[in-house]
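Worksheet: the structure to be examined is printed underneath.
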Amino acid sequence: QQFTAEAFDENNESVEVEWSTVGGIGEIDEYGLFTATDAGTGVVIVTAGTLTEQADILVTVDPVLTLTPLEANVGVNGNIQFTAEAFDENGEPVEVTWSTTGDIGTVDEDGLFTATNAGAGTVEAAAGELTETAVVTVTVEPILVLAPMVADIAVDDTVHFTAVAYDELGDVMDVTIEWDTTSEIGEIDSEGIFTATSPGIGTVTATAGELVAEANVTVTVDPVLVIAPTDTVAIVGEEIQFTATVYDEFGEITDSIVEWELTGDIGTINLNGLFTADFTGTGTVTATSGLLSAEAAVTVNVEPVVVITP
């Protein structure tokens with residue numbers, strides 16, 4: 001700003017003036033041209049001999065708000081420290097408030113952003129009427145989600161598996177899912193429908209590009225006790241060895257203890273399943289192991305006699 005001053009002595013003669021400032025707000029040259037350097041209040045002084053005059057001066061600046069960084073990428077559960085400085089027209093610091101958009105996370109009063117959800121959004125700093133915005137992208141590791149993750153089914157039953165692929169922003173990807181199964185427990189088609197064929201433990205695998213997910217599958221059958229022989233015919237005095245085999249839910253033979261019982265007054269059976277036919281008639285041999293049991297029908301006859309007559 002250009003200041004002007006005229007000074008005259010007692011003879012009405014023009015007198016040279018000198019310029020100065022106080023307040024540290026700027027500089028003034030010998031011609032009265034003031035250059036503002038810092039916001040604030042101060043005084044411009046003009047002196048001519050013993051005479052002085054002064055003018056109050058207010059230096060202002062445009063309010064300003066700066067924000068860093070203006071772009072950021074972070075993973076879910078990660079943090080970013082944003083900083084913001086705001087000054088009013090007098091160059092005085094102004095309080096900054098923080099907010100976010102996009103449901104991607106939260107920001108505290110100190111500008112610390114915490115990512116909670118994948119996606120794109122913003123962190124905003126505000127001071128009075130001024131705002132600055134930073135673009136934030138929150139990412140996750142691409143993932144293939146398989147359901148169910150565990151399946152327990154019986155032979156000949158089916159389970160429909162589904163798989164959904166998500167990208168780094170948590171959005172569903174339009175990809176082709178390939179299906180596979182291990183061991184000989186069953187088969188799976190292109191739609192993810194698994195059919196159990198044999199008892200055992202295995203996995204169903206879904207693949208989409210480089211993404212892989214596995215589900216544990218257990219295929220079972222009803223435990224069973226098998227007796228042999230069944231529906232047998234014996235002769236009085238004959239011995240027949242019965243056997244009983246116990247199969248578990250995986251079709252595997254177990255070493256379960258088997259108890260033997262005979263109904264019908266046709267003979268005896270010992271602890272090892274050895275039947276001795278003593279009397280003619282019909283009866284039943286029963287093998288029991290826990291809740292499992294099996295029966296065999298037994299018919300005892302007398303040995304045929306051939307009679308020769310003259």
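Index from 1, following the sequence.
Applying the side-chain contact (heavy atoms from CB on, under 4.5 Å) criterion to Glu187, with sequence neighbours excluded, gives no partner residue. For Thr139, there are no side chain to side chain donor-acceptor pair (under 3.5 Å) partners two or more places apart in sequence or in a different chain. Checked against side-chain contact (heavy atoms from CB on, under 4.5 Å), Asn11 has the following partners two or more places apart in sequence or in another chain: Asp9, Glu13. Looking at residues two or more places apart in sequence or on another chain, you find a side-chain contact (heavy atoms from CB on, under 4.5 Å) between Thr133 and Thr122, Glu124. With sequence neighbours left out, the side chain to side chain donor-acceptor pair (under 3.5 Å) criterion links Ser99 to no other residue. Glu238 pairs by the side-chain contact (heavy atoms from CB on, under 4.5 Å) definition with Ala234, Ile235, Ile240, not counting sequence neighbours.
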Do any side-chain atoms of residues 195-209 form donor-acceptor pairs under 3.5 angstrom with protein atoms, and if so which ones, sequence neighbours left out?
from   : atom 1 : to     : atom 2 : distance (Å)
Thr197 : OG1    : Ile185 : O      : 3.4
Thr197 : OG1    : Gly186 : N      : 3.4
Ser198 : OG     : Glu184 : O      : 3.4
Thr203 : OG1    : Thr182 : OG1    : 2.9

With a 3.5 Å cut-off and sequence neighbours excluded, list the donor-acceptor pairs that the side chains of residues 262-273 form with protein atoms.
from   : atom 1 : to     : atom 2 : distance (Å)
Thr263 : OG1    : Thr284 : O      : 3.4
Asn270 : OD1    : Asn272 : N      : 2.9
Asn270 : OD1    : Gly273 : N      : 3.0
Asn270 : OD1    : Leu274 : N      : 2.9

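In the hydrophobic clustering (ILVMFWY side chains linked at under 4.5 Å, chained through shared members), Val224 is joined by Val226, Tyr247, Ile253. Taking Ile, Leu, Val, Met, Phe, Trp and Tyr as members and joining any whose side-chain heavy atoms lie under 4.5 Å apart, directly or through other members, Leu291 forms no hydrophobic cluster with any other residue. Taking Ile, Leu, Val, Met, Phe, Trp and Tyr as members and joining any whose side-chain heavy atoms lie under 4.5 Å apart, directly or through other members, the hydrophobic cluster of Val17 also contains Phe3, Trp19, Ile25, Ile28, Phe34, Val44, Val46, Ile57, Val59. Residue Val76 belongs to a hydrophobic cluster whose other members are Leu65, Leu67, Leu70, Val74, Ile80, Phe82, Val96, Trp98, Ile104, Val107, Phe113, Val123, Leu130, Val136, Val138, Val140, with links defined by side-chain heavy atoms closer than 4.5 Å.
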